[in-house]
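Each remark here refers to the structure printed beneath this line.
Computation of the quantities below employed the complete heavy-atom set of this structure, encompassing side-chain atoms and omitting hydrogens, waters and symmetry-equivalent molecules.
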Amino acid sequence: MKTVQNYKNHIRWYPPHHFVFYPVMLVLMGLSALHAWYSHGNERYIWIAIGIGFGCLTWVAFMLRQHYALTLQNRLVLLELRCRYFATTGNRFEPIEEQLTDSQLFALRFAPDNELPLLAERAVKENLAGTDIKKAISNWKPDHRRV
């Protein structure tokens, strides 16, 4: 059985990236810096260029992985919120959605159906931050399928 998800443990790690790719890239950048430090002449500049190349590759990999996955996830979360809000209240979510930031909207996804309408209205009235919305949830609705 999966661990119960809550505010303190809702961050998701992707082991191949977080615990393999990024550490390997950091080691390679460190080795490049070490070789550049002890090299002389043109060889030093080659090692500096290699280190910068590893840094750029790491940055691009991070940005692409995050950008594509999160863009799609954000669209799906918003559609799910609209559907859940309509199913629980019979009203469209768009008027409320327009008054909330992305952070507030994405925090609402963890609210169960019975808390969603009141918490959404409270978020608008009190301008709650995303973290405050998450902390205000009584019965956390886990999201084990997110990126």
Checklist entry - Can R109 and E80 be said to form a salt bridge (Lys or Arg N to Asp or Glu O under 4.0 Å), step by step? => result CA-CA 8 Å; R109 79 174 180 266; E80 178 190 356; over 6 Å; no

Checklist entry - Please walk me through it: do L79 and C83 pass side chain to side chain contact (heavy atoms under 4.5 Å, CB included)? => result CA-CA 6 Å; L79 289 172; C83 180; over 6 Å; no

Item to check | Step-by-step side chain to side chain contact (heavy atoms under 4.5 Å, CB included) determination, W47 to Y38 | outcome: CA-CA 10 Å; W47 281 110; Y38 289 109; over 6 Å; no

Checklist entry - Backbone N or O of N9 within a donor-acceptor pair of the N6 side chain at under 3.5 Å? => result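 Yes.
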
Item to check | N/O donor-acceptor pair under 3.5 Å between Q104 side chain and L128 backbone | outcome: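 At least one qualifying donor-acceptor pair exists.
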
Can you tell me how far apart [atom1] ([X]) and [atom2] ([Y]) are? Round to the nearest 0.5 Å.
X    : Y    : atom1 : atom2 : answer
M63  : Y68  : CE    : OH    : 11.0 Å
H67  : F62  : NE2   : CZ    : 13.0 Å
F54  : L28  : CZ    : CG    : 4.5 Å
E115 : N139 : CD    : CG    : 5.0 Å
T101 : I133 : OG1   : CD1   : 7.0 Å
R84  : L108 : CZ    : CG    : 8.5 Å

Checklist entry - Is the shortest heavy-atom distance from the side chain of L105 to the side chain of V77 under 4.5 Å? => result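 The answer is no, as the side chains (C-beta and beyond) never meet within the 4.5 Å cut-off.
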
Checklist entry - Does any non-hydrogen side-chain atom of T58 lie less than 4.5 Å from one of M29? => result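 Yes; the side chains approach each other to less than 4.5 Å.
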
Item to check | Nearest atoms (heavy-atom pairs only) where P117 meets Y85 | outcome: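 So the minimum-distance heavy-atom pair works out to CA-CE1, 3.7 Å.
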
Item to check | Nearest heavy-atom neighbours spanning G130 and A107 | outcome: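 That closest heavy-atom pairing would be O-CB, 3.3 Å.
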
Checklist entry - Taking the inter-plane angle between the rings of W13 and F19 on a 0 to 90° scale, is it parallel (under 30°), tilted (30 to 60°) or perpendicular (over 60°)? => result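 Aromatic pair W13/F19 classed tilted.
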
Next on the checklist: For F21 and H17, take the angle between the two ring planes, folded into 0 to 90°, and tell me which bin it lands in: parallel under 30, tilted 30 to 60, perpendicular over 60.
Outcome noted: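 Judged by the thresholds at 30° and 60°, the geometry between F21 and H17 is perpendicular.
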
Cluster overlap [X] with [Y], hydrophobic side-chain contacts below 4.5 Å:
X   : Y    : answer
I52 : W59  : no
L26 : L34  : no
Y7  : I137 : yes
V60 : V20  : no
I50 : L31  : no

Next on the checklist: Quick one, Q5 with F110, criterion side chain to side chain contact (heavy atoms under 4.5 Å, CB included). Give me CA distance, side-chain angles, the key distance, then yes/no.
Outcome noted: CA-CA 9 Å; Q5 191 180 79; F110 296 110; 3.5 Å; yes

Item to check | Other residues, nucleotides, ligands: >12 heavy atoms within 6.0 Å of Y22 OH | outcome: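 Yes.
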
Checklist entry - Considering residues, nucleotides and ligands other than R44, do more than 12 of their heavy atoms fall under 6.0 Å from its CZ? => result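 Buried by this count: over 12 neighbours within 6.0 Å.
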
Item to check | L116 and T89: CA distance, side-chain angles, deciding distance, side chain to side chain contact (heavy atoms under 4.5 Å, CB included) verdict | outcome: CA-CA 10 Å; L116 178 62; T89 66; over 6 Å; no

